[in-house]
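Have a look at the structure below, then the notes.
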Amino acid sequence: MIEVKKKELIGEGSTIKFEYQKEGVTQSGFVVFFEGQYHAYLNQCRHMLIELDYKPNEFMDDQRQWIVCSTHGAIYHPKSGECISGPCRGESLQKLNVTESNDVLWIEIN
Ligand code: FES
């Protein structure tokens, strides 16, 4: 489980990146606050094994409405993780379970 403080996510479309170890390899994920809810995903584009953020923690477009892969521009819906445009259209980011507890979010790592 990864712990994220809610206060680190300020405003619609804000994100926070986190890293963790899996089988000796550093992996990352992120949480996005969107339409009043928290959603967490693995930080991995669905068309190549590339992290979505070229600049750390820059996951969203300028309007903070869409998750964007900075390498080839795939666009994902923040709520469902579905790719709606780009080379991975129709696929979805891998969602991670989020549990809220007071001012903390717990992210379940598979
Ligand atoms: S690696 Fe993200 S669209 Fe290609």
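Just so you know, ligand 1 is whichever comes first in the structure, and atom 1 is the first atom listed for that ligand. Here the structure is a predicted model, which is why all the values come from computation and not from measurement. Computation of the quantities below employed the complete heavy-atom set of this structure, encompassing side-chain atoms and omitting hydrogens, waters and symmetry-equivalent molecules.
If you number the atoms of ligand 1 from 1 as listed, the ones under 4.0 Å from a heavy atom of Ala74 come out as 3 (S). Each of the following atoms of ligand 1 lies closer than 4.0 Å to a heavy atom of Cys45: 1 (S), 2 (Fe), 3 (S), 4 (Fe).
Neither Val68 nor Phe59 shares a network with the other; the hydrophobic side chains, linked directly or stepwise wherever heavy atoms of I, L, V, M, F, W or Y lie under 4.5 Å apart, form separate groups for each.
Contact annotation: Gly86 has no heavy atom less than 4.0 Å from any atom of ligand 1.
Within the 3.5 Å criterion, the main-chain N or O of Glu100 finds no donor-acceptor partner in the side chain of Tyr38. Checking side-chain atoms of Gln44 against main-chain N and O of Leu93 turns up no donor-acceptor pair under 3.5 Å.
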Problem - Derivation and outcome, side-chain hydrogen bond (donor to acceptor under 3.5 Å, both in side chains), residues Lys95 and His39 - result: CA-CA 8 Å; Lys95 211 166 176 75; His39 305 277; 3.2 Å; yes
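The protein heavy atom nearest to atom 2 (Fe) of ligand 1 is Cys69 SG, 2.1 Å. Shortest contact from atom 1 (S) of ligand 1 to any protein heavy atom: His72 ND1, 3.2 Å.
A donor-acceptor contact under 3.5 angstrom links the side chains of Ser28 and Glu51, judged on distance only.
Distances from atom 4 (Fe) of ligand 1 to the heavy atoms of His47, Glu51, Met48 put His47 nearest.
Annotation: Tyr54, atom OH; neighbour count of heavy atoms from other residues, nucleotides and ligands within 6.0 Å does not exceed 12.
Here Cys88 has no heavy atoms under 4.0 Å from ligand 1, in either its backbone or its side chain.
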